Protein chains: 2
Amino acid sequence: MVKIADGIMDEMSACSDQPASLASALQRGALFAANCPSRTVFKHVTSLWGVLVLIVLLAGTHRFSEIRRKVNGVSEKMLAQTLQNLEADGFVLRKVYPVVPPHVEYTLTALGEETARHVYALAELIERSYPQIAALQNAQQAGASASR
Amino acid sequence: MVKIADGIMDEMSACSDQPASLASALQRGALFAANCPSRTVFKHVTSLWGVLVLIVLLAGTHRFSEIRRKVNGVSEKMLAQTLQNLEADGFVLRKVYPVVPPHVEYTLTALGEETARHVYALAELIERSYPQIAALQNAQQAGASASR
DNA sequence: GTAAGTACGTACAAAAAGGTGAGTGTCATG
DNA sequence: CATGACACTCACCTTTTTGTACGTACTTAC
């Protein structure tokens with residue numbers, strides 16, 4: 001087994017509730033402790049809509065309704081919320097042109113692009129291996145129905 | 001801007017509801033279409049508990065309560081559910097020893113290890129860049145309160 | 001003049017996720 | 001002899017997330 005996870009493991013006990021002395025630990029995040037702010041950021045990028053938006057924006061700047069058309073099934077409300085979160089976290093840049101039919105453009109920041117590439121790699125891996133997964137699930141289902 | 005997202009973009013219109021002729025397209029997943037099964041798998045690995053469990057298991061085989069102790073804040077119910085999902089998707093292997101105090105071990109499969117490495121890379125990136133993100137959010141908050 | 005597009009905000013309702021506390025059966029420890 | 005550990009499961013409840021439908025302010029197209 002790999003041992004690369006030991007580093008992040010040591011941060012587990014960080015991120016407690018004491019306000020004064022542990023401020024730097026809090027700043028660093030520490031995904032493993034409960035009630036940690038970095039968990040929120042993580043949820044923003046790994047939520048389904050967050051992921052899909054990041055992947056769309058990896059192809060270049062888009063307008064609101066362009067994203068909406070590409071990401072099938074997202075409601076306007078959810079898309080607006082997702083984009084606001086990603087903007088607040090510094091992953092996307094929002095540029096408003098004060099013209100009469102509103103025109104807003106969304107672009108990835110440097111951090112957003114790096115994040116999106118990781119997310120994209122993960123999405124691609126799952127897409128690639130989905131046939132195996134589906135086959136496994138069918139096999140398990142068949143086995144379950146055979147055993148009852 | 002990068003153009004690597006164009007490949008997955010072409011799959012957007014796949015994954016429709018027709019049962020017969022598009023079975024192979026359905027098998028391939030196509031994360032971008034609505035109501036697609038690969039979205040479910042994706043949600044399993046990118047949910048907060050899913051992520052943390054994968055990272056813990058990257059360090060090696062663990063028992064149920066070991067995982068629970070390492071992943072702060074997870075309830076027994078959620079952990080059981082998460083592990084069942086990951087097992088059904090073929091990311092973790094569950095090995096039961098039929099001994100008198102129950103003994104169950106969880107290990108990553110090959111697919112699970114590959115996935116976990118991607119997830120871990122993403123988590124590490126966010127952890128690393130969290131200080132910047134927090135600083136940005138504080139700056140935005142300060143700007144907002146200054147403007148009102 | 002009516003519809004549609006643009007980029008959202010808001011109110012309400014539905015659905016999903018998550019927490020809580022109990023119970024299972026056996027054994028080791030105090 | 002009572003408690004706790006083990007690995008869960010179940011029923012019930014609360015919280016969070018998400019969807020739906022509508023409104024906005026203005027313009028272009030039919």
Side-chain angles (χ1 to χ4, degrees), chain A residues 32-37 39-53 56-57 61-89 92-107 144 148, chain B residues 31 33-37 39-53 56-57 61-89 92-107 144 148:
Chain A
F32 269 88
N35 306 329
C36 244
R39 281 192 179 177
T40 307
V41 177
F42 199 82
K43 285 188 79 171
H44 292 163
V45 308
T46 60
S47 74
L48 182 59
W49 302 137
V51 166
L52 297 180
V53 167
V56 166
L57 289 182
T61 300
H62 282 70
R63 304 181 57 170
F64 183 90
S65 46
E66 286 174 342
I67 302 174
R68 178 152 150 74
R69 275 188 291 269
K70 289 199 177 181
V71 179
N72 293 36
V74 68
S75 66
E76 293 195 342
K77 178 186 148 188
M78 275 300 105
L79 182 55
Q81 208 175 99
T82 303
L83 285 168
Q84 280 165 11
N85 286 337
L86 293 178
E87 190 200 356
D89 296 342
V92 308
L93 223 72
R94 182 168 176 267
K95 195 170 186 181
V96 188
Y97 296 88
V99 291
V100 156
H103 186 114
V104 183
E105 286 182 350
Y106 293 92
T107 315
R148 59 171 146 88
Chain B
L31 205 56
N35 308 327
C36 246
R39 281 193 179 176
T40 307
V41 178
F42 199 83
K43 285 188 82 172
H44 292 164
V45 307
T46 61
S47 74
L48 182 58
W49 302 137
V51 166
L52 297 180
V53 167
V56 166
L57 290 182
T61 300
H62 283 70
R63 305 180 57 169
F64 184 89
S65 46
E66 287 173 342
I67 303 174
R68 179 153 149 73
R69 275 188 291 268
K70 290 199 177 182
V71 179
N72 292 37
V74 68
S75 65
E76 291 195 344
K77 176 186 151 188
M78 275 299 104
L79 182 55
Q81 206 174 101
T82 302
L83 285 168
Q84 281 166 9
N85 286 337
L86 292 178
E87 190 199 356
D89 296 343
V92 307
L93 223 72
R94 182 169 177 268
K95 196 170 187 181
V96 187
Y97 297 87
V99 291
V100 154
H103 186 115
V104 183
E105 287 182 350
Y106 294 93
T107 315
R148 58 174 148 88

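Letters A, B, ... mirror the listed sequences (proteins, then strands); counts begin at 1. Values below: all heavy atoms of this structure, side chains included; hydrogens, waters and symmetry mates excluded. What you see is a predicted model; the values in this text were computed from it and never measured.
- For DNA chain C, the span of nucleotides reached by chain B at under 4.0 Å from its heavy atoms goes, 5' to 3', from dA17(C) to dC27(C).
- Not one N or O on the side chain of Ser65(B) forms a donor-acceptor pair closer than 3.5 Å with the backbone of Arg68(B).
- At a threshold of 4.5 Å between non-hydrogen side-chain atoms, the residues Val96(B) and Arg94(B) count as touching.
- Shown here are the side-chain contact (heavy atoms from CB on, under 4.5 Å) partners of Glu66(A), two or more places apart in sequence or in another chain: His62(A), Arg63(A), Arg69(A).
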Go along nucleotides 2-17 of chain D 5' to 3' and tag each nucleotide: B for a protein heavy atom under 4.0 Å from its base, S when only backbone or sugar atoms are that close, - otherwise. ----BSBS--------
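- Side-chain contact of Tyr106(A) with Glu87(A): a donor-acceptor pair under 3.5 Å is absent, judged by distance alone.
- One N or O on the side chain of Ser47(A) and one on the backbone of Gly50(A) form a donor-acceptor pair closer than 3.5 Å.
- At least one side-chain heavy atom of Ile67(B) sits under 4.5 Å from a side-chain heavy atom of Leu83(B).
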Begin from the C-alpha positions of Thr46(A) and Thr46(B) and carry the test side-chain hydrogen bond (donor to acceptor under 3.5 Å, both in side chains) through to its verdict. CA-CA 5 Å; Thr46(A) 60; Thr46(B) 61; 4.9 Å; no
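- Taking the C1' atoms of five terminal pairs at each end of the helix from dG1(C)-dC30(D) to dG30(C)-dC1(D), the two resulting helix axes are inclined by 10°, rounded to 10°.
- Residues forming a side-chain contact (heavy atoms from CB on, under 4.5 Å) with Leu48(B) (at least two apart in sequence, or on another chain): Arg39(A), Leu52(B).
- Residues satisfying the side-chain contact (heavy atoms from CB on, under 4.5 Å) test with Val45(A), not counting sequence neighbours, are Leu54(A), Leu86(A), Phe91(A), Thr115(A), Ile126(B).
- Side-chain contact check for Trp49(B) versus Leu79(B): every heavy-atom pair is 4.5 Å or farther apart.
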